Amino acid sequence: MFALVDGNNFYASCERIFQPRLRGVPLVVLSNNDGCAIARTAEAKALGIKMGQPAHELKLLVKHQGLQMRSANFALYGDISARVVGILRDEAPRVEVYSIDESFLDMTGIRDREAFAHRLRNKVHRWTGIPNCIGIGPTKTLAKAANRAAKSGAGVIDLSDETRRTEVLATFPTTELWGVGGRWGLRLANMGITTAAQLRDAPPDTILGEFGVTLARTQRELQGHPCIELEEVAPDKQQIMVSRSFAERVEDHAAVGQALATFAVRACEKLRRDGLVTGAVGIFALSDRFRAELPQHAPSRSINMPSATDDSRLVASVVAQLLRGMLKPGIGYKKAGVTLMDLSRPEQRQGDLFTPAVAGNAALMATLDGINRKFGRGVAGLGATGWKTRPDWGMRQNLLSPNYTTRAADLPLLHC
DNA sequence: TCTGGGGTCCTAGGACCC
DNA sequence: TCTGGGGTCCTAGGACCC
């Protein structure tokens, strides 16, 4: 038996914790670069704002409907998320952190599941300020569906009872199921399958043949047969990507190079945090695809490293080599990124006769990470990043809230 | 003027091996 | 006139997730 705990409108709820004036009013949190809405409060949804809607389309709502907008503040959301997870780990024997705002719990051995869930839900809300819902079911897919159903007011829904389950699934749209996106939803609808109950009861051979094992698994889970286990320990990542859209179109190749160096450094920080090394490095750049009338260019290149590494300097120099001659003059680039692939644990790496298995200066990187941990990200780094506080490729974040929980200088009291 | 940033898994087809 | 069978690995594309 599984439970899924999910923070309601998580990013928006995080903003509301420390800014009471945002409570009860429509609020959206914007993507990086203040591009589009990625979280909406109930009041914002009621105004008809869609997920992913561009920010510039919301101007009138700001003016006339009191809509509030905030730039994404991932430092804040990550910290609040960790506090929520801390509570869950105190209360449940086994927890899988599924995303920044969702965790699966193993409910095995918990007697009165609904009472437990109600208590947990209130505790998370009281201790962190994050409103949340809990769905319970014999499979992860059913726990997800229960959670979705709980959002419409109940707060907690338990689908372990079969009659209750059929009742809920009969009106549950397939497209809201975990594992069914827009494409499959359309194809299913063309076959006359629009509800979760219909998918559950469809001929398994048809589902397997038409859609493959992924949807067949979802169908089995809907029937109450667990196919997806709880993953308490996250498996090692297979790739790490750092990419950003730029605030402006950038024609200066040196500036793109500095952006890529910055992304390479960030990617290596993640790599070292996870205790991994990379065996292959890729870069890409994209012109402004929303300006069809402008000349377009979307180059990408990648290369295998002679030795695996987690050393920012080695990766940054490979990135610089890859970039040489990749960009075209006269193109305005809007986005770029660095991808680290072929990741592994250094001890699993095998060298050959001529090259060591792992290259780089571990002590130097540990020192670098230590300095940045103590004094703030970006205090020490590589010159290739350009070292500008406001580079022209930087993000737009005009509506950023303070880092209330992770930066002493941002504490509201200190402003008084 | 303005449209995010991460990830994973599955499948089919081609290259290549013995 | 004739050209097998079985396997692995890699890649691209498509689908999904938050």
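As the structure is a computational prediction, the values presented were derived from the model and not from experiment. In what follows, chains are A, B, ... by sequence order, proteins preceding strands, each numbered from 1.
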Original post:
Choosing from B:dC2, C:dA15, B:dG6, which nucleotide comes nearest the side chain of A:R396?
Top reply: B:dC2
Original post:
Of the nucleotides B:dG6, B:dC10, B:dG4, which one has an atom closest to the side chain of A:T214?
Top reply: B:dC10
Original post:
Which whole-number value in Å describes the distance from A:L399 CG to B:dG4 C1'?
Top reply: 15 Å
**OP:** Check every strand shown and say whether A:I100 touches a base, only sugar-phosphate, or nothing at a heavy-atom separation below 4.0 Å.
**Re:** nothing
Subject >> Closest to side chain of A:C36, choosing from B:dG4, C:dC18, B:dG5 >> reply: B:dG4
**OP:** Consider the side chain of A:Q239, meaning its heavy atoms from C-beta on, and name the nucleotide among C:dA15, B:dT8, B:dG4 that approaches it most closely.
**Re:** B:dT8
**OP:** Please tell me if the side chains of A:I38 and A:Y11 come closer than 4.5 Å, counting only heavy atoms from C-beta onward.
**Re:** yes
Subject >> Of all pairs that satisfy ring-ring contact (aromatic ring centres under 6.0 Å, His included), the ones with a partner from residues 248-267 of chain A, not counting sequence neighbours >> reply: A:F263-A:W393
Original post:
C:dA12 C1' sits how many Å from A:M341 CE, rounded?
Top reply: 14 Å
Subject >> Minimum-distance nucleotide to A:Y98 side chain [options: B:dT11, C:dC18, B:dG6] >> reply: C:dC18
Original post:
When you check the phosphate oxygens OP1 and OP2 of B:dT3, does a side-chain N or O of A:S245 lie under 4.0 Å from one of them?
Top reply: no
Subject >> A:W184 side-chain proximity, nearest of C:dC16, B:dT3, B:dG7 >> reply: C:dC16
Original post:
So what does A:K144 hit on the nucleic acid, given a heavy-atom distance under 4.0 Å: a base, only sugar-phosphate, or nothing?
Top reply: sugar-phosphate
Subject >> A:R289 side-chain proximity, nearest of B:dG4, B:dG6, C:dC18 >> reply: B:dG4
Original post:
Which residue, A:K45, A:E15, A:K151, A:E43, forms the side chain to side chain donor-acceptor pair (under 3.5 Å) with A:N9?
Top reply: A:K45
Subject >> Between B:dG4 and C:dC17 - C1' atom distance, rounded Å >> reply: 15 Å
Subject >> A:M241 side-chain proximity, nearest of B:dT3, B:dC10, B:dG6 >> reply: B:dG6
Original post:
Over how many whole Å does the gap from A:L215 atom CG to C:dC16 atom C1' extend?
Top reply: 11 Å
Original post:
So which one's nearest nucleotide on DNA chain B is more toward 5', A:H56 or A:K237?
Top reply: A:H56
Subject >> side-chain N/O A:K335 vs B:dT3 OP1/OP2, d < 4.0 Å >> reply: no
Original post:
Is any side-chain heavy atom of A:I207 closer than 4.5 Å to a side-chain heavy atom of A:L199?
Top reply: yes
Original post:
How would you label the contact of A:D34 with the nucleic acid (heavy atoms, under 4.0 Å): base, sugar-phosphate, or nothing?
Top reply: nothing
Subject >> Rounded distance in Å - CG (A:L186) to P (C:dG14) >> reply: 16 Å
Original post:
So what does A:F211 touch, heavy atoms closer than 4.0 Å: a base, only the sugar-phosphate, or nothing?
Top reply: nothing
**OP:** Give a yes/no verdict on a cation-pi contact between A:K335 and A:F246, requiring under 6.0 Å between NZ or CZ and the six-membered ring centre and an angle within 45° of the axis.
**Re:** no
Subject >> Proximal nucleotide (of B:dT1, B:dT3, B:dT11) relative to the A:K59 side chain >> reply: B:dT1
Original post:
Between A:R16 and A:Q19, does a side chain to side chain contact (heavy atoms under 4.5 Å, CB included) hold up when you go through it step by step?
Top reply: CA-CA 5 Å; A:R16 278 177 165 173; A:Q19 300 169 83; over 6 Å; no
Original post:
Is the ring centre of A:F172 less than 6.0 Å from the ring centre of A:W178?
Top reply: no
Subject >> Residue mapping more 5' on DNA chain B - nearest nucleotide basis, A:G52 or A:G212 >> reply: A:G52
Original post:
Counting any heavy atom closer than 4.0 Å, what does A:L177 reach on the DNA or RNA strands: base, sugar-phosphate only, or nothing?
Top reply: sugar-phosphate
Original post:
Is any side-chain N of the basic residue among A:E221 and A:K140 closer than 4.0 Å to the acidic one's carboxylate O?
Top reply: no
Original post:
Taking atom P of B:dG6 as reference, at what distance in whole Å does atom CG of A:N32 sit?
Top reply: 8 Å
Subject >> Atom-to-atom span, CZ of A:R217 to C1' of B:dC9 - whole angstrom >> reply: 8 Å
Original post:
Given atom CD of A:E210 and atom P of B:dA12, what is their separation to the nearest angstrom?
Top reply: 12 Å
Original post:
Just checking, any donor-acceptor pair under 3.5 angstrom between side chains of A:D34 and A:S71?
Top reply: yes
Original post:
Within the pair A:R291 and B:dC2, is there a side-chain N or O less than 4.0 Å away from OP1 or OP2?
Top reply: yes
Original post:
Base, sugar-phosphate, or nothing: which does A:Q53 touch, judged by heavy atoms less than 4.0 Å apart?
Top reply: nothing
Original post:
Where the side chain of A:Q238 is concerned, which of B:dG5, B:dT3, B:dT8 is the nearest nucleotide?
Top reply: B:dT8
Original post:
When Watson-Crick pairs (N1 to N3 and N6-O4 or O6-N4) and G-U wobble pairs (N1-O2 and O6-N3) count only below 3.5 Å on both distances, what is the dot-bracket string of DNA chain B, with | for other-strand pairs?
Top reply: ....||||||||||||||
Original post:
In whole angstroms, how far is the P atom of C:dC18 from the CG atom of A:N8?
Top reply: 15 Å
